[in-house]
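The block underneath contains the structure these notes are about, expressed in structure tokens.
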Amino acid sequence: MNPTLNTITEKIRNGQRVSVEEGIFLDEHVDLMTLGRLANEIRERKNGNDAFYNTNIHLNPTNVCVYRCRFCAFRSDLKSEKAYVFTDDMVRARVAEATAAGATEIHVVGGLHHQKKFDWYVNIVRVIRESDPKIHIKAWTPVEIHWFSHLTKQPYEWVFKELIDAGMGSMPGGGAEIFDEEVRSQICEHKADSSKWLDIHRVAHQMGLRSNATMLYGHLESARHRADHLNRLRELQDETGGFQTFIPLAFHPDHTGLDYIPKPTGHMDLRMVALSRIMLDNFDHIKAYWIMLGEQIAQTALSFGADDVDGTVVHEIIYHDAGAKTPEGLTVTQLHRMIREAGRNPVERDTLYRRVQRDGANWWVEGHAPEPLLA
Ligand code: V47
Ligand code: SF4
């Protein structure tokens, strides 16, 4: 065995951290099956044979956005035919659908509308909470939080307090893209920079919110940038412990400003899942987001480091606008089949990774008494 790989293998077996240089070495020189075997050891040590999923629904309240990230096919100009903005009634209808489906989580992200004030965004959270007092609201990335702080001239703490009071429960992992300043300036030069993205998660964690993290790969970045990205995340995690899961996001090029770049292959997707599992030693979970990876790769990823496939994901549009060919939602039966066929044990979780029990659309967190069914 190569001496560097030997050292890395020893480190992983002893639960020690792999350095940035070793991460680059794994990314550039180690074959997929070796990476997968190492990642799977860590995955099984942390999560046994369990594979998590949740029952969730997406809400993207507007696609109108002041920014023009080159990788984004979702955004719209203010005056474009494609532009849309949700009304309160549309939000209520989406929540009613979520409640009827027994969703435990609503995932809310969207564009930064040229004309909407902070109150409009707070109101969306409030309307969701009033429509369903129980559903977990995973809302807004640091890109939005930074925009809200800019709009209101208030610190992040104030912005979070307003949103928490309205019903926000945690922060999703989007907007991270790639932290390296040079690559970031080429793909999304205007939006919240890397240090702000990390700072906003730090503040969220200090205020008691849990959050997720992502990395967009398969565009202009290289192994060095990926290892640096994962390292910056684990350094913040050392400090706060507030991240729950990491989601490597495969770039979908269709209808974007980077459409000359081919979509990452299944081989690359599995390598990224494995590499993140190996480098992020202080993250409990790695999510293989089936919407982006496709059901086959997501299923295979459960043996290459991933222990979560995200959820039923009704109404996903960000990746479908960028050419994703996956269905816009899966039933729980389909998710179970995907997980069981991979030899894993399906476990429904809520956003905070607590185990969920359910009787149809009625659900409760394990250890807590079920709520009475509404008449
Ligand atoms: O930040 C946008 C990415 C992210 C494209 O926290 C694209 O549980 C690929 O972060 N090709 C938003 N990616 C989505 C996100 C997410 C998804 C699922 C679960 C969670 C979670 C978070 O989507 C953006 C950006 O990195 N994105 N356009 C595209 N064309
Ligand atoms: Fe706007 Fe987000 Fe798309 Fe960037 S990724 S253009 S911030 S909607």
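Just so you know, ligand 1 is whichever comes first in the structure, and atom 1 is the first atom listed for that ligand.
- By the 30° and 60° cut-offs, the orientation of the rings of W197 relative to F179 is tilted.
- Under 4.0 Å from any atom of ligand 1, one finds heavy atoms of residues F71, H107, K138, P172, G173, G174, G175, E177, N212, T214, L216, I247, L249, A250, F251, H252, T256, K287, Y289, M292, D310, I318, Y319, A322.
- Taking the six-membered ring for Trp and thresholds of 30 and 60 degrees, H336 and Y53 have ring planes more than 60 degrees apart, a perpendicular arrangement.
- Taking the six-membered ring where tryptophan is involved, the planes of Y121 and W140 are perpendicular, since the angle between them exceeds 60° and thus also 30°.
- The only option from V122, I145, L151 that meets the side-chain contact (heavy atoms from CB on, under 4.5 Å) definition with V159 turns out to be I145.
- Within the protein, the N, O or S atoms sitting under 2.8 Å from atom 4 (Fe) of ligand 2 are C69 SG.
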What pairs of donor and acceptor atoms, side-chain ones from residues 256-266 against any protein atom, are under 3.5 angstrom apart with sequence neighbours left out?
residue, atom, partner, partner atom, Å
T256, OG1, P253, O, 2.7
T256, OG1, L258, N, 3.0
T265, OG1, M268, N, 3.3

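- Classification of the F25-H29 ring pair by plane angle, with boundaries at 30° and 60°, yields tilted.
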T7 and E10: CA distance, side-chain angles, deciding distance, side chain to side chain donor-acceptor pair (under 3.5 Å) verdict
CA-CA 5 Å; T7 313; E10 281 299 302; over 6 Å; no
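- Within the structure, salt bridge (charged side-chain N to carboxylate O under 4.0 Å, His left out) pairs that include any residue of residues 111-121 do not occur (at least two apart or interchain).
- Between W158 and F118, the angle of the ring planes lies from 30° to 60°, which puts this pair in the tilted group.
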